[in-house]
Amino acid sequence: GNGPQSFTNNGTLTNGFNNMELSGKSDLTLNGAASLAVRGTLTLGKETILRDNGRTLTVAGNIQNSGTHFRPATGAGRIELTGNGNQILSGDGNGVFNNLSVNKNGGSVTMDATMGINGDLRLVSNHRFTIGNNLLKFGPDANVYSAATGTAQAFNNNKMIVTGGLMSNGGVQKEFSNTNGFLFPFGFAVGATHYYMPASIQYGEAPSAWGTVTSRPVHGRHHLAQGTNNALGAYWKTTSQGFEGIPSSSVVHTYAYEDA
């Protein structure tokens with residue numbers, strides 16, 4: 001379609017959809033049942049919009065997102081990754097999710113393009129969310145939690161965002177709009193061993209203009225470190241853009257190191 005559409009399910013879809021695709025300029029609203037299942041691939045094409053309307057859309061296959069999973073003012077649902085096998089999130093680099101959950105019994109989750117999240121990313125099951133060298137962008141209202149509900153942030157090396165461990169990685173970006181702190185629950189892998197290297201940033205006072213902070217953990221001594229035994233075996237590359245008028249001594253950085 002090329003405009004507003006609706007899908008209403010008031011009955012039973014045995015085993016759900018095989019694949020589901022939005023193309024053209026479809027603007028689809030889900031109605032009816034509280035949840036819908038996609039056994040195969042969910043595709044949100046360029047310029048398409050999916051409005052979950054408070055519904056949960058479970059996906060067992062891959063997601064190709066070059067469109068927008070709409071974020072309403074209230075009553076948001078979610079897309080939930082539930083496949084027992086490996087699942088890949090791909091797209092043209094402009095795809096945006098609202099609420100996205102990982103709640104799987106097996107397999108992995110890998111992101112192979114830049115993605116945005118404007119709601120919550122919830123790592124419910126003990127799975128890593130691997131972004132590699134790609135950029136994962138969190139909007140001003142977005143956050144990352146470790147449970148299906150609530151605000152718990154109990155992450156570890158089995159439940160975290162995994163970067164590629166290089167300073168050239170896209171990393172994790174957060175758009176700030178208030179003085180609430182933001183936890184970057186990320187780390188990297190060295191061979192088969194994963195290291196949880198979280199960071200947190202908080203602005204104690206509001207600047208005259210807000211912006212974004214991008215961070216990524218880097219495996220290896222900092223390239224400017226002197227000597228051989230006087231530096232950590234990892235560091236964090238953190239940059240900001242867009243901020244103006246930041247009050248002196250108002251930014252708090254916290255980094256947690258696990259020996260890698």
Side-chain angles (χ1 to χ4, degrees), residues 20-23 25-26 41-50 52 57 59 61-71 76 78-81 83 86-102 107-123 127-145 155 159-177 182-189 194 197-199 201 210-219 236-243:
M20 182 176 180
E21 180 176 0
L22 275 63
S23 60
K25 294 186 179 180
S26 176
T41 298
L42 171 65
T43 302
L44 305 184
K46 184 178 180 179
E47 298 186 83
T48 66
I49 300 173
L50 174 64
D52 61 43
L57 184 61
V59 181
N62 298 328
I63 299 179
Q64 299 174 13
N65 185 6
S66 300
T68 300
H69 175 207
F70 181 74
R71 178 171 176 77
R78 68 183 183 276
I79 293 175
E80 186 166 283
L81 297 166
N86 298 338
Q87 294 182 266
I88 298 174
L89 309 183
S90 62
D92 66 358
N94 295 304
V96 178
F97 291 97
N98 180 27
N99 294 328
L100 180 66
S101 296
V102 177
S108 62
V109 177
T110 302
M111 189 182 87
D112 71 359
T114 293
M115 293 283 175
I117 295 178
N118 285 333
D120 296 333
L121 172 62
R122 292 185 176 272
L123 304 184
H127 282 83
R128 305 178 188 100
F129 192 91
T130 301
I131 66 173
N133 63 353
N134 298 293
L135 174 64
L136 178 58
K137 301 186 292 185
F138 288 94
D141 298 321
N143 219 318
V144 193
Y145 300 114
F155 298 103
K159 182 185 286 196
M160 65 176 181
I161 298 169
V162 182
T163 71
L166 302 175
M167 65 180 299
S168 59
N169 291 159
V172 175
Q173 181 182 94
K174 169 62 178 174
E175 181 180 349
F176 282 85
S177 62
F182 182 79
L183 173 68
F184 295 77
F186 50 28
F188 53 73
H194 288 78
M197 301 277 192
I201 306 289
W210 293 100
T212 62
V213 174
T214 306
S215 188
R216 73 284 284 163
V218 181
H219 175 229
W236 295 258
K237 181 183 177 183
T238 301
T239 59
S240 64
Q241 286 186 316
F243 290 93

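Quick caveat, the model's predicted, so the values are computed rather than measured. Scope of the values below: all heavy atoms of this structure, side chains included, with no hydrogens, waters or symmetry mates.
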Next item on the list: Say whether, by atom type as modelled, one donor and one acceptor occur between the side chain of T163 and the main chain of G187 under 3.5 angstrom.
Entry: yes
Next item on the list: Grab the two heavy atoms, one from H127 and one from L123, that are nearest each other, plus how far apart they are.
Entry: O-CD1, 4.2 Å
Notebook entry, point to check: With under 30° as parallel and over 60° as perpendicular, where do the rings of F138 and F182 fit, or are they tilted in between?
Noted result: tilted
Next item on the list: Find out whether R122 and R78 are in side-chain contact, i.e. whether some heavy atom of one side chain is under 4.5 Å from a heavy atom of the other.
Entry: no
Next item on the list: Would you check if the side chain of N134 reaches a backbone N or O of M111 as a donor-acceptor pair within less than 3.5 Å?
Entry: yes
Next item on the list: Identify the heavy atoms of G93 and A113 that sit nearest to each other, and give their distance.
Entry: N-CB, 4.3 Å
Checklist line | Pair Q87-I63, side chain to side chain contact (heavy atoms under 4.5 Å, CB included): steps then yes or no | finding: CA-CA 8 Å; Q87 294 182 266; I63 299 179; 5.8 Å; no
Checklist line | For G107 against N86, the heavy-atom pair lying closest together | finding: CA-OD1, 3.5 Å
Next item on the list: Verify, without hydrogens or angle tests, whether N65 (side chain) and V96 (backbone) share a donor-acceptor contact under 3.5 angstrom.
Entry: yes
Margin query: With a 4.5 Å cut-off on side-chain heavy atoms, are L136 and I117 touching?
Written below: yes
Check: When rounded to the nearest 0.5 angstrom, what distance separates OG1 in T68 from NZ in K46?
Finding: 12.0 Å
Notebook entry, point to check: Is the number of heavy atoms from other residues, nucleotides or ligands under 6.0 Å of K159 NZ greater than 12?
Noted result: yes
Next item on the list: Find the distance between CG (N62) and CD1 (I88) and round it off to the nearest 0.5 Å.
Entry: 5.0 Å
Check: Can you name the nearest heavy-atom pair linking N99 to G119, along with the distance?
Finding: OD1-CA, 3.3 Å
Next item on the list: Give, for atom CG of L89 and atom OG1 of T110, the distance between the pair rounded to the nearest 0.5 Å.
Entry: 8.0 Å
Check: Rounded to the nearest 0.5 Å, how far apart are CE of M160 and CZ of F184?
Finding: 16.0 Å
Check: Given F186 and N169, is the side chain to side chain contact (heavy atoms under 4.5 Å, CB included) satisfied, shown in steps?
Finding: CA-CA 13 Å; F186 50 28; N169 291 159; over 6 Å; no
Next item on the list: State, without any angle test, whether N94 and S66 hold a side-chain donor-acceptor pair at a distance under 3.5 Å.
Entry: no
Check: Do the rings of H219 and F188 sit parallel, tilted or perpendicular, given the 30° and 60° boundaries?
Finding: tilted
Next item on the list: List the atom of L183, the atom of P185, and the distance in Å for their closest heavy-atom pair.
Entry: O-CD, 3.0 Å
Checklist line | Straight-line distance of L81 CG to L57 CG, nearest 0.5 Å | finding: 10.0 Å
Next item on the list: With the side chain counted from C-beta on, respond yes when L121 and I161 share a heavy-atom pair under 4.5 Å apart, and no when they do not.
Entry: yes
Next item on the list: For the pair R216 and T239, evaluate side chain to side chain contact (heavy atoms under 4.5 Å, CB included) and give the outcome as yes or no after the intermediate values.
Entry: CA-CA 9 Å; R216 73 284 284 163; T239 59; 4.1 Å; yes
Checklist line | Distance, nearest 0.5 Å, that separates CG of L22 from CD of E47 | finding: 13.0 Å
Note to self: For a side chain to side chain contact (heavy atoms under 4.5 Å, CB included) check, start with the C-alpha distance between K174 and I201, then their side-chain angles and the critical distance, and finish with the verdict.
What the structure shows: CA-CA 10 Å; K174 169 62 178 174; I201 306 289; over 6 Å; no
Check: Donor-acceptor pair, R71 side chain versus N118 backbone, under 3.5 Å?
Finding: yes
Next item on the list: Would you mind reporting whether F243 and V213 have side-chain heavy atoms less than 4.5 Å apart?
Entry: yes
